Amino acid sequence: NNSYSFESANKSKKVKVFFPPNVNVDGNTTFTASKPPCWFKFWKDGKVIDGIQDFNFDPTSTSHAYYDSSRNRLYLCSDAFNKKGQSLTLSYNLSYISDTSFGSGSLTVGSDEEYIDKVAALIAHEKYHKYCNDTFRDSLDIDGDGLPSNEEITPSKTYFKASSRFDADTFSIGTIYPHYKTYGDQEVRCRIEETENKPVVHKDKDWAADKRNKLWEP
């Protein structure tokens, strides 16, 4: 609760206190894991976004967010807040001799949102990477993209599109970002999660002094 009542000379007034989002609690922009920017600290402390409590803050990474499978830890980074999301439209024309024929078409994935909704989308994205590692790592995975072969052909979620068990980058996202060539199909699913499974955002609990916050009245 950011509302406080003050009394002076027999008069009282209720005020709301907002925090500057892009400084730490000391008021400067030198961030550390223990002194992250206030947007991360107070959104996490206040559970303003469902699931944010499972994340740590990485003050040095140039990523927006990431999942570290070696430590089984989730991270949000400065650009989760500072930069807008970007959706991608992927084209494909696929037919595999030994697999299901996927035909041709296009697929738009990812969120174009910004501010708190962008952070929520990233939470959904990175949690699916973690889910894949926790759930599928011991399963048969012919193409090595982190998705079991049977899961690629018959996805467990209806909003996922089937992908090839013989091609780790069925939708060619690796032609845009080469580092995805080895696990492009999993990355595409994570970007679908951004819009189809975004966690709840409790905007009535957001006390950031940011023009994108509808509660903020400068």
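All values reported here derive from a predicted model rather than from experimental measurement. Just the heavy atoms: all of them, side chains too, but no hydrogens, waters or symmetry mates, feed the values below.
Contact check for Leu107 versus Thr89: no side-chain heavy atoms found under the 4.5 Å cut-off. Counting heavy atoms from C-beta outward, Ser87 and Glu194 have side chains that stay 4.5 Å or more apart.
A ring pair (Phe, Tyr, Trp, His ring centres under 6.0 Å) with Phe18 holds for exactly one of Trp39, Phe42, Trp216; it is Trp216. In summary, of the residues considered (Thr108, Thr170, Ile173, Asp169), a side chain to side chain contact (heavy atoms under 4.5 Å, CB included) with Leu90 occurs for Ile173 alone.
How far NE2 of His64 is from CD of Gln86: 9.0 Å, rounded to the nearest 0.5 Å. Here Leu215 contributes atom CG and Glu217 contributes atom CD; the two are 8.0 Å apart, rounded to the nearest 0.5 Å. In this structure, the separation between CD1 on Ile153 and CG on Leu147 is 12.0 Å, given to the nearest 0.5 Å. Rounding to the nearest 0.5 Å places NZ of Lys127 at 8.5 Å from CG of Asp50. With rounding to the nearest 0.5 angstrom, the OH atom of Tyr75 is 9.5 Å from the OG1 atom of Thr60. To the nearest 0.5 Å, atoms SG (Cys38) and CG (Asp210) are separated by 12.5 Å.
Between the Lys118 side chain and the Lys83 main chain, a donor and an acceptor come within less than 3.5 Å of each other. In this structure, Asn56 contributes its side chain and Leu74 its backbone to a donor-acceptor pair below 3.5 Å. With Asp145 contributing its side chain and Gln186 its backbone, the two residues share no donor-acceptor pair below 3.5 Å. Within the 3.5 Å criterion, the main-chain N or O of Ser63 finds a donor-acceptor partner in the side chain of Ser61. Judged by distance alone, with hydrogens and angles left aside, the side-chain atoms of Asp141 form no donor-acceptor pair with the main-chain N or O of Pro148 at under 3.5 Å.
Between Arg191 and Glu187 there is a salt bridge, since a side-chain N of the basic residue sits under 4.0 Å from a carboxylate O of the acidic one. The residues Asp26 and Lys35 are annotated as salt-bridged, a charged nitrogen and a carboxylate oxygen being separated by less than 4.0 angstrom. A salt bridge does not link Lys44 with Asp54: none of the charged nitrogens is closer than 4.0 Å to a carboxylate oxygen. Salt bridge Glu193/Lys157: present, at least one basic N to carboxylate O contact under 4.0 Å. Ion pairing between Lys84 and Glu113 fails under the 4.0 Å rule for side-chain N and carboxylate O.
Partners of Trp43 according to the side-chain hydrogen bond (donor to acceptor under 3.5 Å, both in side chains) rule, which considers only residues two or more places apart in sequence or in another chain, are Asp206. Shown here are the side-chain hydrogen bond (donor to acceptor under 3.5 Å, both in side chains) partners of Thr62, two or more places apart in sequence or in another chain: there are none.
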Run the side-chain contact (heavy atoms from CB on, under 4.5 Å) check on Lys47 and Ile52 step by step: do they pass? CA-CA 7 Å; Lys47 299 179 181 178; Ile52 194 173; 5.6 Å; no
Candidate pair Lys203 and Asp117, rule side-chain contact (heavy atoms from CB on, under 4.5 Å), full reasoning: CA-CA 10 Å; Lys203 295 186 179 181; Asp117 290 302; 2.9 Å; yes
side-chain contact (heavy atoms from CB on, under 4.5 Å) between Glu126 and Phe55, intermediate numbers included: CA-CA 10 Å; Glu126 299 305 332; Phe55 281 73; 4.0 Å; yes
After noting the C-alpha distance and the side-chain angles of Tyr67 and Asn133, does the key distance pass the side-chain hydrogen bond (donor to acceptor under 3.5 Å, both in side chains) rule? CA-CA 10 Å; Tyr67 167 60; Asn133 184 67; 2.9 Å; yes
Check the pair Glu151 / Ser156 against side-chain hydrogen bond (donor to acceptor under 3.5 Å, both in side chains), numbers first and verdict last. CA-CA 7 Å; Glu151 170 68 21; Ser156 54; 3.0 Å; yes
Give the intermediate values and the outcome of side-chain contact (heavy atoms from CB on, under 4.5 Å) for residues Arg73 and Tyr66. CA-CA 9 Å; Arg73 299 187 75 177; Tyr66 67 95; over 6 Å; no
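Heavy atoms only, all atoms of each residue included: Glu152 and Asp143 are closest at OE2-OD2, 3.0 Å. Of all non-hydrogen atoms in Asn213 and Ala208, the two that sit nearest each other are ND2-O, 2.9 Å. Looking at every heavy atom in both residues, Ala65 comes nearest to Leu76 through CB-CD2, 3.8 Å. Taking each heavy atom of Leu122 and Ala80 in turn, the nearest pair found is CD1-CB, 3.5 Å. Closest approach of Ala162 to Phe171, counting heavy atoms only: O-CZ, 3.5 Å. Across all non-hydrogen atoms, the minimal contact from Phe31 to Ser78 is CD1-OG, 4.1 Å.
A cation-pi geometry, defined here as NZ or CZ lying under 6.0 Å from the six-membered ring centre and within 45° of its normal, does not hold between Arg137 and Tyr131.
Residues Tyr128 and Asn197 have side chains that never bring a donor and an acceptor to within less than 3.5 angstrom of each other. A donor atom on one side chain and an acceptor atom on the other are not found under 3.5 Å apart for Thr195 and Ser111. If you check the side chains of Asn28 and Asn24, you find a donor sitting under 3.5 Å from an acceptor. A side-chain donor from one of Asn22 and Asn82 sits under 3.5 Å from a side-chain acceptor of the other.
Ring geometry for Phe57 versus Phe40: interplanar angle of 30 to 60°, hence tilted.
The salt bridge (Lys or Arg N to Asp or Glu O under 4.0 Å) pairs that include a residue from residues 170-185 number zero, where partners must be two or more places apart or lie in different chains.
Note on Ile123: it does not cluster hydrophobically with Val200, by side-chain heavy-atom contacts below 4.5 Å among ILVMFWY residues. Residues Trp207 and Phe81 share a single hydrophobic cluster, defined by chaining ILVMFWY side chains whose heavy atoms lie under 4.5 Å apart. Residues Val25 and Val23 do not share a hydrophobic cluster, defined by chaining ILVMFWY side chains whose heavy atoms lie under 4.5 Å apart.
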